[in-house]
Engineer: 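First, the structure itself, so that you have it in front of you.
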Amino acid sequence: MGSFLVCYGSSEGQTAKIADRIAARLRDRDHEATAVDAGALETDYPLGGFDAVVVGSSIHVGSHQASVRSFVEANAEALAALPTAFFQVSLSSVADDPEWRAEAARYVEEFLEDTGFQPDRIARFGGALRYSKYGFLKRLVMKRSAREATGDTDTSRDYEYTDWAEVEGFTDDFAAFVERRVATGSNEPT
Ligand SMILES: Cc1cc2nc3c(=O)[nH]c(=O)nc-3n(C[C@H](O)[C@H](O)[C@H](O)COP(=O)(O)O)c2cc1C
């Protein structure tokens, strides 16, 4: 079956956890899949051996992970020639408020516009609040954001909002897309 690279950037580990789940789900479908931290990759990491690439990044202070941006920009040509998927992880995707949700959509749009990356599949996942991992100031800032976004302000515990069924659905959809392309030898998006 196919060989997938799942390349991610993560500060407190939620995007890494999602990337691991995606890679495991792909392996369940008999593909080869490895989740790799974009920050640990050489910029000229060869993508030639892969049949497809999944790129994932969390949002911090309105920006995607710099390592993911560098990876996408440095490998623009190779990524354009392969089936690709992109997932974003943020708090803005969790909130009920349509304005927060619109912000999550805008982060994706701006990233794709800035980098020229044109993934075949896109997902916006809810992230986590890891109060236990934040220092004093970050905890204060995130408590304030959380008050507006989710109302989860109890800093004595962590909150995870990722919908794992959604992550698996996204993975299955992209895997099926790649499998169809490999089967038909087609380069056309469907
Ligand atoms: C310092 C900080 C800033 C954040 N800024 C934003 C933001 O601007 N917009 C947003 O939607 N989520 C924001 N978040 C929420 C993160 O995207 C969320 O916690 C996510 O799960 C982090 O994923 P990671 O652990 O893979 O880095 C922020 C989180 C932290 C800790």
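Read the numbers this way: they start at 1 and go in the same order the structure lists the ligands and their atoms.
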Engineer: With atoms numbered from 1 as shown, which atoms in ligand 1 lie under 4.0 angstrom from a non-hydrogen atom of Ser11?
Structural biologist: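 Those of ligand 1 that fall under 4.0 Å from Ser11 are 24 (P), 26 (O), 27 (O).
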Engineer: Checking contacts here: is it the side chain or the backbone of Arg130 that comes within 4.0 Å of ligand 1, counting heavy atoms only? Could be both or neither.
Structural biologist: neither
Engineer: Test: side chain to side chain donor-acceptor pair (under 3.5 Å). Region: residues 74-98. Which pairs qualify, not counting sequence neighbours?
Structural biologist: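 Applying side chain to side chain donor-acceptor pair (under 3.5 Å) to every pair that reaches into residues 74-98, excluding sequence neighbours, yields His64-Gln88, Ser90-Ser92.
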Engineer: Quick one: nearest non-hydrogen protein atom to atom 23 (O) of ligand 1, plus distance?
Structural biologist: Ser58 CB, 3.2 Å
Engineer: Side chain to side chain donor-acceptor pair (under 3.5 Å): which pairs involve residues 2-12, sequence neighbours left out?
Structural biologist: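 Checked against side chain to side chain donor-acceptor pair (under 3.5 Å) - neighbours excluded - the pairs reaching residues 2-12 are Ser11-Gln65, Glu12-His60, Glu12-Lys138.
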Engineer: Go through ligand 1 atom by atom and flag the ones less than 4.0 Å from a non-hydrogen atom of Val89.
Structural biologist: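 This gives 17 (O), 21 (O) as the contact atoms.
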Engineer: Is it true that Arg21 and Glu168 make a salt bridge, defined as a side-chain N closer than 4.0 Å to a carboxylate O?
Structural biologist: yes
Engineer: Taking heavy atoms and a distance under 4.0 Å, where does Tyr107 meet ligand 1: side chain, backbone, both or neither?
Structural biologist: side chain
Engineer: Flag Lys138 as yes when one of its N or O atoms lies below 3.5 Å from any N or O atom of ligand 1, and as no otherwise.
Structural biologist: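 Checking ligand 1 against Lys138, no N or O pair falls under 3.5 Å apart.
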Engineer: Under 4.0 Å between a side-chain nitrogen and a carboxylate oxygen: does that hold for Glu109 and Arg106?
Structural biologist: no
Engineer: Any N/O of Ala128 closer than 3.5 Å to an N/O of ligand 1?
Structural biologist: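 Yes, Ala128 has an N/O under 3.5 Å of an N/O on ligand 1.
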Engineer: Pairs of nitrogen or oxygen atoms closer than 3.5 Å, one from Gly13 and one from ligand 1: do any exist?
Structural biologist: yes
Engineer: Quick one: which ligand 1 atoms are inside 4.0 Å of a heavy atom on Met142?
Structural biologist: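 In order of numbering, the contacting atoms are 2 (C), 3 (C), 14 (N), 28 (C), 29 (C), 30 (C), 31 (C).
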Engineer: Within 45 degrees of the ring normal and closer than 6.0 Å to the centroid, is that where the cationic atom of Arg121 sits relative to Phe177?
Structural biologist: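 The answer is yes; both the distance and angle limits are met.
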Engineer: Is it true that the side chains of Thr150 and Tyr161 contain a donor and an acceptor less than 3.5 Å apart?
Structural biologist: yes
Engineer: Heavy-atom contacts with Ser92 under 4.0 Å: which atoms of ligand 1 show up? List them by number with element.
Structural biologist: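 Near Ser92, the atoms of ligand 1 are 10 (C), 11 (O).
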Engineer: Please work out, at 4.0 Å between heavy atoms, whether the side chain, the backbone, both, or neither of Glu103 comes within that distance of ligand 1.
Structural biologist: neither
Engineer: Atoms of ligand 1 less than 4.0 Å from Ser10 heavy atoms?
Structural biologist: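 The list of qualifying atoms is 24 (P), 25 (O), 26 (O), 27 (O).
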Engineer: Would you check whether Ile59 has a nitrogen or oxygen atom less than 3.5 angstrom from a nitrogen or oxygen atom of ligand 1?
Structural biologist: yes
Engineer: Considering all heavy atoms of both residues, which atom of Pro83 and which atom of Val178 are nearest to each other, and what is their separation?
Structural biologist: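 Scanning both residues completely, I find the closest heavy atoms to be CB-CG2, 3.9 Å.
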Engineer: What's the spacing between Phe4 CZ and His31 NE2 if we round to 0.5 Å?
Structural biologist: 4.5 Å
Engineer: Give the numbers and elements of all ligand 1 atoms closer than 4.0 Å to a heavy atom of His60.
Structural biologist: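 Under 4.0 Å from His60, ligand 1 has these atoms: 1 (C), 2 (C), 3 (C), 4 (C), 5 (N), 22 (C), 27 (O), 29 (C), 30 (C), 31 (C).
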Engineer: What's the shortest distance from atom 12 (N) of ligand 1 to any protein heavy atom, and which residue and atom give it?
Structural biologist: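 Among all protein heavy atoms, the one nearest atom 12 (N) of ligand 1 is Leu91 N, 3.3 Å.
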Engineer: Compute the centroid of each ring, for Phe86 and then for Phe111, and state whether the two points are separated by less than 6.0 Å.
Structural biologist: yes
Engineer: What atoms in ligand 1 come closer than 4.0 Å to a heavy atom of Gly127?
Structural biologist: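 Counting atoms of ligand 1 from 1, those under 4.0 Å from Gly127 are 21 (O).
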Engineer: Taking only heavy atoms of Thr15, which atoms of ligand 1 are found under 4.0 Å from at least one of them?
Structural biologist: 23 (O), 24 (P), 26 (O)
Engineer: So does Arg130 get a backbone contact from the side chain of Tyr134, meaning a donor-acceptor N/O pair under 3.5 Å?
Structural biologist: yes
Engineer: Phe87 vs Phe125 aromatic rings, parallel, tilted or perpendicular, using cut-offs 30° and 60°?
Structural biologist: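 Rings of Phe87 and Phe125: tilted, as their planes differ by 30° to 60°.
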Engineer: Considering both backbone and side-chain atoms of Gly62, is one of its nitrogen or oxygen atoms within less than 3.5 Å of a nitrogen or oxygen in ligand 1?
Structural biologist: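 Yes, at least one N or O pair falls under 3.5 Å.
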Engineer: Can we say Arg157 and Asp152 salt-bridge, meaning some charged N sits less than 4.0 Å from an Asp/Glu carboxylate O?
Structural biologist: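 Asp152 and Arg157: not salt-bridged.
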Engineer: Is it true that Trp100 lies under 4.0 Å from ligand 1, counting heavy atoms only?
Structural biologist: no
Engineer: Taking N or O atoms only and a 3.5 Å limit, does Val61 qualify as a polar contact for ligand 1?
Structural biologist: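 Yes; at least one N/O pair falls below 3.5 Å.
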